[in-house]
There are 2 protein chains.
Amino acid sequence: MTTAQDTQRTEESALSNPSAVGLVAVIVAATDGEPRALTVEVDGQASGRSRGLPAGPLVPEHPTLERGLRAWVERQTHQRLGYVEQLYTFGDRDRQGDESQGLHSLSVAYLALVREVRPAGLAEASWRNWYGYLPWEDWREGRPAALTDIEARLLAWAAETTDPKQRRRREDRLALTFGLCGGAWNEERVLERYELLFEAGLIPEAQGQSGAASTTESGATGAPMAFDHRRVLATAIGRLRGKIKYRPVVFELMPPTFTLFQLQRTVEALSGTNLHKQNFRRLVAQQGLVEETDGVTSGATGRPARLVRFRREVLLERPAPGFRLRATRKPA
Amino acid sequence: MTTAQDTQRTEESALSNPSAVGLVAVIVAATDGEPRALTVEVDGQASGRSRGLPAGPLVPEHPTLERGLRAWVERQTHQRLGYVEQLYTFGDRDRQGDESQGLHSLSVAYLALVREVRPAGLAEASWRNWYGYLPWEDWREGRPAALTDIEARLLAWAAETTDPKQRRRREDRLALTFGLCGGAWNEERVLERYELLFEAGLIPEAQGQSGAASTTESGATGAPMAFDHRRVLATAIGRLRGKIKYRPVVFELMPPTFTLFQLQRTVEALSGTNLHKQNFRRLVAQQGLVEETDGVTSGATGRPARLVRFRREVLLERPAPGFRLRATRKPA
DNA sequence: CGGCACAATGCTCACATTGAGCATAAGTGA
DNA sequence: TCACTTATGCTCAATGTGAGCATTGTGCCG
């Protein structure tokens with residue numbers, strides 16, 4: 001293992017090997033039953049303008065990475081970030097587009113949840129439905145149409161190898177991530193699916209950054225994003241889908257009072273699946289996640305619903321409250 | 001939000017704000033029913049020699065952070081890393097001891113699992129039981145003795161505030177993390193517990209790095225580590241304890257064949273709790289995690305046990321196989 | 001050699017959780 | 001008033017889960 005000298009050298013003078021470090025944020029909101037991420041306009045290197053996630057330099061004046069990010073985003077968006085979580089630190093491979101000139105380049109990605117969608121301040125920034133970038137992830141209307149095309153191309157990709165062993169491995173991965181060949185769809189494997197598509201060459205960002213290489217139309221494989229930002233988005237979605245099952249983070253996306261159905265729609269939007277209504281309510285009720293207010297909805301179609309609010313106390317009570325969501329079998 | 005110019009500046013010339021980036025690894029093995037982490041000797045800044053985690057500079061020649069880490073560790077330890085996962089990227093606050101001279105300093109921490117414990121190559125490196133650093137985390141022999149002292153001091157810390165609101169908050173946190181005041185112990189909250197102790201001043205590393213400040217004896221609060229490495233270790237343990245519940249990662253720590261009881265001992269070592277033997281076997285069986293070999297143990301006391309091996313196929317079959325471990329109520 | 005201690009294994013049982021569906025209530029719009 | 005839509009209450013069967021009893025092999029000790 002590392003010698004004492006090695007270690008010392010590292011800890012005390014790592015500055016001999018400085019790197020460019022940036023922050024990227026996936027800022028998520030949910031309105032009208034759609035999951036949205038904040039995107040900005042970015043000058044692509046050669047491919048003209050495209051959309052990307054808000055990103056910025058590491059601001060040195062802050063004590064903690066997270067607090068730095070929080071301040072940075074809140075200053076720019078004038079929105080309070082309800083929940084912030086570090087996602088992942090991406091290294092060079094993914095940061096295509098700036099060939100490191102002897103320098104490493106890293107970006108530390110964060111996930112943030114915001115409650116309200118303001119007009120998004122700056123003109124270049126806007127909220128986009130995240131399934132526009134990853135259409136195969138939305139199973140709320142049943143099996144996404146995008147998958148028909150994708151599956152065919154993935155199977156072709158698996159078949160194009162002559163080495164039977166590698167071919168077997170590819171097929172296994174297809175089963176594991178996309179549920180082909182008898183596998184089951186697991187809504188949390190968002191990143192694995194994205195990376196598989198990337199390897200299979202179905203992601204335009206994969207083919208160098210020259211705009212000319214956009215042979216892949218964005219229909220089935222979704223709209224592209226600048227740099228590796230779609231990978232970051234996929235990471236965020238996967239993480240969030242896992243998190244809502246054991247932590248009450250969805251409430252960070254809800255207004256102060258809401259109906260159980262709105263809550264359900266939000267959870268469904270994030271997870272990309274449909275839930276059994278009655279069971280969802282039972283779950284929320286027995287976990288004690290919400291308390292009733294005396295308000296009810298009005299004006300909408302159907303019987304008026306009681307308005308509820310999040311019970312902040314549960315953060316202290318239950319060891320790990322959240323939704324154990326099992327998708328219903330029936331489509332929609 | 002970020003303007004297009006901002007974004008561009010960041011992505012293309014973040015080098016205007018370079019940072020010192022290092023890697024830290026928590027390399028875990030389990031032998032003789034004890035969880036161990038690889039530690040090295042480190043020259044503390046003023047506190048003389050102490051132990052720390054293996055750390056090194058970011059090696060630029062590798063395509064991916066993870067692959068870089070893998071190569072780095074494997075070269076140094078001559079051990080194959082079975083499983084590698086990025087843990088967290090720690091920023092300045094935690095990296096005490098090198099006051100950044102205008103530079104940011106980050107360390108990207110990784111968790112790695114190894115199967116066998118070799119003599120640890122270099123003399124300065126050795127495998128240490130991780131509960132030596134976090135004694136309050138080991139509940140296998142019942143409630144850890146260290147907790148009596150710790151709890152008293154934590155309660156005193158909560159009581160020393162005059163502001164009733166802050167005091168309430170502190171008590172809530174004690175309930176949440178340490179299960180005081182009627183809360184339950186959650187074995188995954190390792191990091192939260194460490195950070196609470198840190199804030200309460202029970203962690204010697206907290207009081208600047210001068211050796212003189214070591215007023216806190218290491219009995220109840222565990223042995224100190226260099227830099228913020230105990231925080232990194234706590235992060236790793238918490239993550240691993242969560243992971244084994246839904247992913248079959250424990251097997252990365254096991255020899256090629258083993259008995260179910262050895263497996264149980266390993267899981268217990270990691271989670272720091274005891275499990276109900278029969279139920280554990282039932283779980284492993286019905287999840288199809290292992291398959292029998294024709295070997296049996298011999299020589300040991302008690303009826304010989306069948307040797308089993310991990311069924312690699314489960315990685316493909318079940319959506320998320322792992323142990324849902326619920327601790328038994330009875331002590332040991 | 002019989003008895004013991006100690007694990008390994010098999011099996012039962014009460015109870016909680018969960019997936020699904022039926023039925024009824026209470027609004028809106030035609 | 002009817003048709004439609006959503007809210008909400010309740011039941012039921014299947015499965016999962018925590019605990020504990022019973023039995024079976026082995027090495028060890030008089």
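Only this structure's heavy atoms are used, side chains among them; waters, hydrogens and symmetry mates stay out. Each chain gets a letter, A, B and so on, in the order the sequences are listed, and its residues count up from 1.
- B/Glu85 has a carboxylate O that lies under 4.0 Å from a charged side-chain N of B/Lys243, or vice versa, which qualifies the two as a salt bridge.
- Atom CG of A/Asn274 is separated from atom P of C/dA20 by 12 Å (rounded to the nearest Å).
- Along DNA chain D, the nucleotide nearest to B/Gly302 and the one nearest to A/Thr259 differ in position, and the one closer to the 5' end is contacted by A/Thr259.
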- Message: Evaluate A/Leu263 against A/Met254 for side-chain contact (heavy atoms from CB on, under 4.5 Å), listing each step before the verdict.
- Response: CA-CA 7 Å; A/Leu263 182 64; A/Met254 304 301 293; 4.0 Å; yes
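- Distances shorter than 4.0 Å separate none of the side-chain N or O atoms of A/Arg303 from OP1 or OP2 on D/dT5.
- The aromatic rings of B/Phe310 and B/Phe251 lie parallel to each other, their planes meeting at an angle below 30°, with 60° marking the opposite boundary.
- Counting to the nearest Å, the P atom of D/dT8 and the CZ atom of A/Phe261 are 11 Å from each other.
- Atom CG in B/Asn279 sits about 14 Å away from atom C1' in C/dA16, given to the nearest Å.
- We find that NE2 of B/His276 is positioned 12 Å from C1' of C/dT9, with the value rounded to whole Å.
- Between the CD atom of A/Gln278 and the C1' atom of C/dA23 there is a distance of 10 Å, rounded to whole Å.
- A/Phe280 places its CZ atom 16 Å from the P atom of C/dA20, with the value rounded to the nearest Å.
- The nearest whole Å value for the distance from the CZ atom in A/Arg306 to the P atom in C/dG27 is 11 Å.
- Distances were taken from every side-chain heavy atom of A/Arg281 (C-beta onward) to each of C/dA20, C/dA8, D/dT8; the shortest belongs to D/dT8.
- Between B/Gln262 and A/Thr301, the residue anchored nearer the 5' end of DNA chain C, judged by the nucleotide with its closest heavy atom, is B/Gln262.
- If you measure from atom CD of B/Gln286 to atom P of C/dG10, you get 14 Å, rounded to the nearest angstrom.
- At a threshold of 4.0 Å, the pair B/Glu137-B/Arg241 counts as salt-bridged, since one of the basic side-chain nitrogens sits closer than that to a carboxylate oxygen.
- If you check the side chains of B/Thr31 and B/Arg36, you find a donor sitting under 3.5 Å from an acceptor.
- Contact between the side-chain N/O atoms of A/Lys277 and the OP1/OP2 oxygens of D/dT6 is not found at any separation under 4.0 Å.
- The residue B/Arg282 sits close to a base: some heavy atom pair falls under 4.0 Å.
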